[in-house]
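By convention here, the first residue in the shown sequence is residue 1.
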Amino acid sequence: MEVMRHASTFLLPPSSPPTGDGPAITYALVVLNQRLPRFAPLLWSRAQLRVCADGGANRIFDGMPELFPDQDPLDVRLRYKPDVIKGDMDSIRADVKEFYSNLEVKIVDESYDQDTTDLHKCIAFICSSTPDPEKSNLCILILGALGGRFDHEVGNINVLYRFSNIRIILLSDDCLIYLLPKTHRHEIHIQSSVEGPHCGLIPAGAPSTSTTTTGLQWDLMDKNVDEVDDSIIVRLFQALAVPVIGNACHVFMHGLNCVQIYGAEKLHQALLGRPEGKPLITVSNHVASVDDPLVIASLLPPSVMLDARNLRWTLCATDRCFTNPVLSAFFRCVKVLPVSRGEGIYQKGMDMALSKLNNGGWVHIFPEGSRSRDGGRTIGSAKRGVARLVMDADSTPMVVPFVHTGMQEIMPIGVHFPKIGKKVTVLIGDPIAFDDLVLDKDDAQHDSRGILYDAVSSRIGQRLQELKVLVDRLSLEQPLEVQEYYIHNSERGYGIWQQVDWEAFGMGNFMLSEEETKFVKRPSPEQTVQNVDQPQKLDLSPRTVRVGFSYEGGIVSRIRGFMNPTDLMGFAARGLFMNGRTLDESCLSVQEVGLKAWKHFLEGHIFQQWNSM
């Protein structure tokens with residue numbers, strides 16, 4: 001891992017000999033609207049570019065003459081003239097603005113942009129003014145970043161995370177703060193004449209999963225300094241609960257309901273075939289309260305769900321899933337992160353989701369932010385939360401969209417127990433590309449963050465809308481396909497029927513020819529168009545199947561008290577005809593035939609009673 005070196009040589013007197021053998025550092029200075037530190041003139045002289053953030057111009061105008069009480073104030077103001085004044089211009093005094101305007105200082109009014117702070121605007125300006133070859137050696141010094149209003153102070157610290165690829169240092173008379181990106185090893189060279197003796201390490205933006213230090217009084221050895229939901233006990237319960245609940249949901253969806261999935265290989269490839277460490281985000285419409293885990297579990301093979309580490313993290317509102325300690329513990333064990341309604345996209349739950357992505361994990365999110373209000377007929381607009389996960393992750397995540405329909409029948413609004421015997425259709429789309437938005441994150445940071453968030457969320461919402469149209473069309477076409485499927489199996493059923501040893505079941509098999517039996521096959525719309533001039537007739541041999549039951553022995557004699565013989569025959573026939581392949585194709589195991597047979601038998605006899613409860 002590459003080493004990044006840090007040294008506060010900019011605080012040393014100009015007469016001090018230079019230290020280090022690295023390339024020369026290009027300094028830029030930003031002055032905020034707080035009291036100037038005593039070393040402000042020294043940093044001013046070291047900077048090649050000096051920018052005042054809105055009211056910071058007031059501090060230079062008033063504060064610099066105070067640091068030179070023996071000199072003429074006008075001479076000091078003329079000597080310490082900023083290169084640029086930039087911000088929303090709500091703090092600079094009129095007389096200060098006029099003074100510097102007369103000195104031909106560049107004044108940039110960005111009051112139209114209320115989505116970023118004045119400091120953010122100034123750093124973006126400095127980055128855009130610095131040639132690319134010099135950006136690696138650029139260091140931005142921020143005066144007045146600490147102290148004053150707490151929300152301003154925290155906002156200034158947050159900028160370090162926003163521009164994590166730029167070396168930025170926040171300064172006050174008492175301390176300095178800078179970011180240690182996890183992409184590097186770090187060496188901090190202490191200037192004992194101006195620094196020390198205290199040093200603090202604080203995780204920012206995401207938990208620090210492994211920290212090792214040398215040279216401190218109390219060193220850290222591979223220490224997780226911010227353990228969040230990563231204790232051994234929680235991981236143990238996750239390893240147990242996630243596979244059990246996931247596979248139970250898979251059986252519920254595929255065994256007690258009918259799920260038709262289109263494009264499942266796209267999700268499987270993204271989950272299992274993406275590069276190591278590549279974060280994954282899945283986005284979908286939100287119809288029912290149990291979309292996750294039921295739909296998610298139906299999309300994955302049971303074997304994949306045996307490893308909880310590979311499965312998704314998701315978000316749930318605290319007023320729904322974390323209302324008491326028991327629920328909180330349960331949902332933590334099934335990889336659910338808490339978010340609070342109304343607290344925006346910069347809250348702890350979103351930060352935790354970003355941490356999971358930065359560790360190469362999978363996060364599933366509903367971009368709409370809440371369930372559909374019309375039973376899934378439409379999809380609401382995507383919110384900025386999903387855009388923040390895409391834009392603020394250390395590396396751009398792979399984003400896979402999917403849309404489903406039918407969950408409104410399994411869990412309608414107001415129902416507390418899921419129904420069975422329903423049909424769900426899921427369509428998985430191709431990964432969404434954001435190369436044009438985040439190809440160069442340096443350039444992306446110069447634009448308003450809100451504009452970028454809106455562009456990302458709009459693209460995701462548009463893709464979900466497109467998939468919604470397709471999945472509704474597929475859902476309507478399925479009944480025709482199912483009818484054709486069963487008619488095809490009926491044609492084959494005669495041959496399979498003769499191969500069954502009915503005597504083992506205590507039944508007699510009689511195949512008789514009677515009047516012609518007609519099978520009417522409903523053509524698909526495409527076939528109707530193609531065959532208008534040449535209609536085809538379905539030619540089937542006139543056969544009728546009769547089965548006689550023997551109650552003298554065999555299985556039927558044992559179960560006739562529990563099941564009507566006609567029902568039993570229907571159950572057995574459906575089990576034989578379900579797969580749509582001949583017996584010699586070895587594609588369908590006996591176990592799979594039995595499961596599908598039981599499924600259809602339950603649909604006809606048990607599900608109606610279940611759903612009427």
Does [X] reach the side chain of [Y], with side-chain heavy atoms less than 4.5 Å apart?
X	Y	result
Ser284	Val403	no
Val31	Pro82	no
Ser372	His286	no
Phe434	Val399	yes
Leu280	Val363	no
Val334	Phe237	no
Met398	Ile281	no
Leu141	Phe10	yes

side-chain contact (heavy atoms from CB on, under 4.5 Å) between Ile60 and Val96, worked out: CA-CA 10 Å; Ile60 294 297; Val96 174; over 6 Å; no
Would [X] and [Y] count as having a side-chain donor-acceptor pair, cut-off 3.5 Å?
X	Y	result
Gln71	Arg79	yes
His364	Thr282	yes
Asp174	Ser172	no
Tyr453	Asp392	yes
Asn358	Ser355	no

Any Lys/Arg nitrogen of [X] or [Y] sitting under 4.0 Å from an Asp/Glu carboxylate oxygen of the other?
X	Y	result
Asp454	Lys383	no
Arg35	Asp173	yes
Lys266	Asp430	yes
Arg371	Asp291	no
Asp351	Arg388	yes
Arg459	Asp436	yes

Taking all atoms of both residues into account, what is the closest heavy-atom pair of [X] and [Y], and its distance?
X	Y	value
Leu119	Val30	CD1-CG1, 3.9 Å
Pro431	Pro401	CA-CD, 4.4 Å
Ile169	Cys139	CD1-SG, 3.8 Å
Arg320	Ser289	NH2-CB, 3.0 Å
Ala308	Val242	CB-CB, 3.8 Å
Ala145	Leu32	CA-CD1, 3.7 Å

Would the distance check show the side chain of [X] and the main-chain N or O of [Y] forming a donor-acceptor pair, the cut-off being under 3.5 Å?
X	Y	answer
Thr117	His120	yes
Lys468	Asn285	no
Thr323	Asp319	no
Asp54	Ser91	yes
Ser45	Leu42	yes
Arg50	Trp44	yes

Audit row: Asn102, Glu98, side-chain contact (heavy atoms from CB on, under 4.5 Å) steps and yes/no: CA-CA 6 Å; Asn102 293 333; Glu98 182 182 2; 3.8 Å; yes
Distance check, rounded to the nearest 0.5 Å: [X] atom [atom1] versus [Y] atom [atom2]?
X	Y	atom1	atom2	result
Thr26	Ile126	OG1	CD1	12.0 Å
Leu315	Leu389	CG	CG	7.0 Å
Leu337	Met352	CG	CE	5.0 Å
Arg59	Met64	CZ	CE	13.0 Å
Ile166	Thr130	CD1	OG1	7.5 Å
Asp83	Cys52	CG	SG	9.0 Å

Parallel, tilted or perpendicular: rings of Phe402 and His404 (30°, 60°): tilted
Partners meeting salt bridge (charged side-chain N to carboxylate O under 4.0 Å, His left out) with Glu343 (sequence neighbours left out): none
Partner residues of Lys86 under the salt bridge (charged side-chain N to carboxylate O under 4.0 Å, His left out) criterion, sequence neighbours left out: Glu110
Pairs touching residues 150-159 that satisfy side chain to side chain donor-acceptor pair (under 3.5 Å), sequence neighbours left out: Arg149-Asp151
Derivation of the side-chain contact (heavy atoms from CB on, under 4.5 Å) call for Phe322 and Leu327: CA-CA 6 Å; Phe322 297 86; Leu327 282 179; over 6 Å; no
Aromatic contact, His6 with His186 (centres under 6.0 Å): yes
Centroid-centroid under 6.0 Å between Phe68 and Tyr80 rings: yes
Exceeds 12 heavy-atom contacts within 6.0 angstrom, atom NZ of Lys97: no
More than 12 heavy atoms from other groups under 6.0 Å of NZ on Lys278: yes
Quiz item: cation-pi between Arg167 and Tyr178, 6.0 Å / 45°: no
Verdict with reasoning, Cys316 to Val339, per side-chain contact (heavy atoms from CB on, under 4.5 Å): CA-CA 6 Å; Cys316 186; Val339 290; 5.9 Å; no
